[in-house]
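First up is the structure itself, then whatever we jot down about it.
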Amino acid sequence: MATVTAPVPRIALPGVLKHRAVHKLLLLALAAAVLVPLANARWASGSWPDALTVDLTDPLTRTSDWIIDNRDSHPLFLYFFGHVSNAVVLSVRAVYLVLLAAGWAGVTAFAGLVAWRVAGVRLALGTAAAFLACGLLGMWVPTMQTLALMVVAVLASVVVGAVLGLAAGLSDRMDRILRPVLDTMQVLPAFAYLLPVVLVFGIGVPAAVLATVVYAAPPMARLTSLGLRGADKEVLEAVESLGSTARQRLLTARIPLARKELLLGLNQTIMMALSMAVIASVIGAGGLGDRVYQALASVDVGAALAAGIPIVLLAVVLDRVTGAAGDGTPGAGRSGRAQWAYALGATLVVAVAARLLGRLDWPDAWVLNIAEPVNRAVDWMTAHLYSGVPVVGGTADWAGHFTTWVLDPVRDGLQGLPWWSVLLIVAALAWVIGTWQTALTAVLAMATIGVLGVWKPSLDTLSQVLAAVAVTLVLGFAIGITAARSDRFERLLRPVLDVFQTMPQFVYLIPVVALFGVGRAPAVAAAVVYALPAVVRITTQGLRQVDQAAMESARSLGATSGQQIRQVQLPLARPALLLAVNQGVVLVLAVVIIGGLVGGGALGYDVVFGLAQGDLATGLVAGAAIVCLGLMLDRVTQPTERRAKKGA
Amino acid sequence: MALTVPTRKPPTDDSATPVFAVDGLWKVFGPKADTVPGDPELASLPAAELRARTGCTAAVQDVSFDVRKGEVFVVMGLSGSGKSTLVRCLTRLIEPTAGNIAIDGEDVRAMDKSRLRELRRHRAAMVFQHFGLLPHRTVLDNVAYGLEIQGVGRAERRERAQQVVKKVGLEGMEQRRPGQLSGGQRQRVGLARALAADPEVLLFDEPFSALDPLIRRDMQEEVVRLHREEGRTMVFITHDLSEALKLGDRIALMRDGRVVQLGTPEEIVGSPADDYVREFVRDVPREQVMTVRTAMRPGDCGGTDHPGALAADAVVAEAIKVVARSHKPACVVEDGRCLGVVDHERLLDIVAGTELRKEAV
Amino acid sequence: MRRRTTAVAGSLLLLTVTGCGAADMTKQASPFANAQGSKTVNLSVQSWVGAQANVAVVQYLLEHELGYRVDTVQVDEVPAWDALSQGRVDALLEDWGHPEQEQRYVKDKKTITRAGDLGVTGHIGWYVPTYFAKQHPDVTNWKNLNKYAEQFRTPESGGKGQLMDGSPSYVTNDKALVQNLKLDYQVVFAGSEAAQITQMRQFAKEKKPFLTYWYSPQWLFKKVPMTEVKLPAYKEGCDADPEKVACAYPHTPLQKYLNTDFAKNGGKAAAFLKKFKWSTEDQNEVSLLIADQKMTPEEAAKKWVDSHESTWKAWLS
């Protein structure tokens, strides 16, 4: 049986927990009292002792060299990876050619018609407008490149995810094996996936597509399995009682019954694929991400925005349309099919017409150059808001103060701690909040970082994560509590949160560079902005779901609103708040790592460095450290039982 | 007028092969479940003790009964008594641990996969408590689902489904989806789906307990009507005594996985096997269940003409009306032959439940 | 039965599509190349403006004079070597010296061919702003740097002086240099050249002192005059061991490289790329137009092409 810790005693938990927590801490203190003097006597050093590190640089460099030397001759590459790579290139190319052949008019018409069939007129207009906007910004070709890559990556992710999900959904043993793996993959930052694929495939589209598939398939697999397992038992029994074969049961009952989860899986896969397809520009994905990457490299905020807006539009449109497909009932039978046929026909007509008119390429004359005005605005901002504004100080001053007064002390503090005490703190936190297994995983992950020899940069990254999480939680809880108390505020907030949650991580880097310049502070700021929506949303939901009877009784006893929040709502919403912390940490880490592109330094920088210098050893070690850090942070903040579905 | 009250068909002759013959059936959940039925010491333990000793739960313990052709056989018991497990064992939706099950003399437990599918497809269909409908299909497609699984062509299965839909009174709703129907309508779909395959036996697993009381009564009458029209054999699981008494030709009363009494409603109410059953049937309006045959005093009616005579299967309530109106004992007649008479003293004994004691004395 | 048929058909299809058997992924072009039937050249762009200027002019001439379609991909130098070897890009126009890669790809595998000098000589060094060097002339010798460490401190560098480095993709020995020359400095990576430039201009506006890794030719010298700090002189081979470097960076004639297949079969485009050679001044002119006047690379290239006809005519002959 699964380890279901009954949810019943949760409300009475604080007392019990304190008790148990004290026990655990005592036990841990005992263990520490024995082990620490031993460890300290042997390897007395503040930072991770050199004696305990394993230098992987040589073997990794050798591996990487071997791969480069044998890529065009070894059978493994010729007969396996070569075909994979070929297949990716061919399919991306095929999709890309179809998109180009359809021309901007054809693609726009097709997207609009699909949206209309799936989600209604309003979204159809929105979709068409979004595509036209991409053209208007002069980003038609990059948009099509990203789209071609996305189509292939999403299809592959869905197939891989669905197969894994079927396996996990139908077989308990597969489920036991796959679930922890998928759960863990879900918390890892996108950046960590880049290097291993580069090692094998080299920089380019195949690597980008495969990294995207690896990143985007887990949600599909998880939700497929969840849907198959969550199917109404009695319906399945009824179907069996009618004498169906196992295959009939799967095809006519289990899969259709899991429709909602499957479509949700598709939705999440698409969103994650988009996010990754953009980040993968670092390893040669091309398309919109590449334009943002190039623009960021030259701090050209205007150009970055021109490429960033299509990404956001694409994200919002894809999210809404697939989301609507999941909510709605499927189109009614034959008439639906006929309308699909009309839609396809209309697309064909538009495409052919555009072709005959010679209007396949987006006309240059219709391009709106927003880069210049935006850059002027940014320049003005830099000149007036950036620094030396009386009383409040400029944004750059804030960033400087934040670096000096928050980031530096935290980093130095962490790096100054003896290594064993860091492990001890990790163990204590993870054990108090979870089980001894989570504590063990967390400590091992942290120790692995030390062994890999990236103790210092990892603590640097950790300090940025901690600072960002603190800011996120303060802001998030404040906004969440306000939203939970005021319906109007929540109504105003909701569309904002919706949009922010669908945006790919990469996009957040653009405005913060404009505001805060370059360094660790903007990386932290981007992370805060990225993680905030999820934290606010989970907090609000948690507070609103607090038992109304408890609230009513508190009110009837004459509690002030402050007392209501402190004594009733917050304690009762504790599980939701813990989840918010967990989500906040995971999301913050993802962006802090990407912050390496805007001067965040530490592990993210090492990955970029590894890619840029072809020094895959450095990059891979940093990537592994990121994985460990993600694992550790997740376990330390993970309440005993993970929710089936994540808030984000 | 005397015959407006539902009368019960006498069970068809006992000599024919029963539709279901269940003998010594066990279902034990838990580790090493197989060992429990074979071990006489464990097998005789009460459920709670068995669980303490072995960690096993015996949902069905050594149950035997026959379901005769054309009868409504009710299995009745409180929740946890093992009745739902029992009915699932009949078509091996739950695999029995030990014992024998035969359908029309054929051993169900010995069936291979395809034979078992054949059994489920054509011979026994089930109606579920929460309907078990496929939410993504229309009413018509849900009803035709069983036929689809059998591989019946689209046109034919739709036509047959259409007929069944009509039979259960859902005409005009064929294109709706289950989500758009009320509970009673959904259960009609469930019933229609079971009927569509034209099975030999219908199995009902507490089909009406999720419905409102008024709708439940409608559906019960629907079942009575169907049974009267088609004479199909039915096995009906319920926890509702009045439902059991209303529908059942014979009732098996279960407690803790064992059958504590098996008999006609009249036998259950009239002569409870033990205190548990007695307590169970205490509040039953006996005049609605007991028949005149039990109440009458053997004797001659005195004469060949029997004005206001009662049928032997008429219930006591009916006899009370007749006797009260005429102020004199009434004749009990079967096949034109006089069996005996009932007077108000006899009838009152039945209502008060005191006739047993008198007989015992 | 049907399943097996599908499987067989599927694998047959896969075989035909992949050309039976071996698939060499080092021979794959980008899926976006040659998209609309015209001849396409794939150029790699590096993140610094000088490289963008090369590519802008080459792209303009290829498109407008030779009728090619040009795709550009942003790749850093080292990965660009790999991409070049695989044919994912056709040309690398400005390389600052990667002997290890040259050995592997040009000499051993012969998948990359040298295409001659770019005509520009590159030099990397440490620089301080001229306004600061004038106040403190002795800062231009590395031996005195520790004296000024205090003045070069920033929040990022903590207790030490800040030596600012740029993009992670640049050739740099700075960390080793700081250590081997026993300097009280912390190398701070700005993360990208643009970030570094932004920072330098910010400092210059406020006339603050700073020490930075920088290189020439670079247009920024025109905006922020800087003076080089003398490091121990460069001798052939003194930078052989990256761990023990304690000397200045060399002066490097920047090189062009082409994919071998492209060099052989690239027709006019390949011939043109081999001949392409311009001066430091020319490159700076275009760089300034792009970076300082915020022109698009295409506009900048057009402006330069319109006024230097004699120079580029020679490349096309």
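- Ranked by heavy-atom pairs under 4.5 Å with chain A, the list B:T91, B:L133, B:L203 is led by B:L133.
- Not one N or O on the side chain of B:K69 forms a donor-acceptor pair closer than 3.5 Å with the backbone of B:T233.
- Side chains of A:D487 and A:R491 form a contact here, defined as non-hydrogen atoms less than 4.5 Å apart.
- Per-residue heavy-atom pair counts under 4.5 Å with chain A were compared for B:R88, B:K113, B:R137, B:E148, and the maximum is reached by B:R88.
- Side-chain atoms of A:S244 come within 3.5 Å of backbone atoms of A:V239 as a donor-acceptor pair (strictly under, hydrogens ignored).
- Shown here for B:P135 and A:L257, the closest heavy-atom pair between the two residues is CD-CD2, 3.3 Å.
- Scanning both residues, B:V74 and B:G248, for their nearest heavy atoms gives CG2-CA, 3.4 Å.
- Contacts between residues 227-236 of chain A and chain B, defined by a heavy-atom separation under 4.5 Å, are made by A:E234, A:V235.
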Using distance only, find each side-chain donor-acceptor pair of residues 51-58 of chain B under 3.5 Å and give its atom names and separation, not counting sequence neighbours.
from, atom 1, to, atom 2, distance (Å)
B:R53, NH2, B:E41, OE2, 3.1
B:T54, OG1, B:L50, O, 2.9
B:T54, OG1, B:C56, N, 3.1

### Message
Please determine whether side-chain contact (heavy atoms from CB on, under 4.5 Å) holds for the pair A:L166 and A:L250, giving the CA-CA distance in whole Å, both sets of side-chain angles, and the decisive distance to 0.1 Å.
### Response
CA-CA 10 Å; A:L166 273 176; A:L250 183 65; 4.1 Å; yes

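- Scanning residues 121-129 of chain B against chain A with a 4.5 Å non-hydrogen threshold yields B:R121, B:A124, B:M126, B:F128, B:Q129, sorted by number.
- The pair B:E243-B:R216 does not count as a salt bridge, with every side-chain nitrogen at least 4.0 angstrom from each carboxylate oxygen.
- Here the rule is side chain to side chain contact (heavy atoms under 4.5 Å, CB included) with B:T138, and of B:Q175, B:E174, B:Q180 only B:Q175 fits it.
- Under 4.0 Å is where a charged nitrogen must lie from a carboxylate oxygen, and between B:K83 and B:D205 no such pair does.
- B:F65 pairs by the ring-ring contact (aromatic ring centres under 6.0 Å, His included) definition with B:F73, not counting sequence neighbours.
- Residue B:R92: no heavy atom, backbone or side chain, is found under 4.5 Å from chain A.
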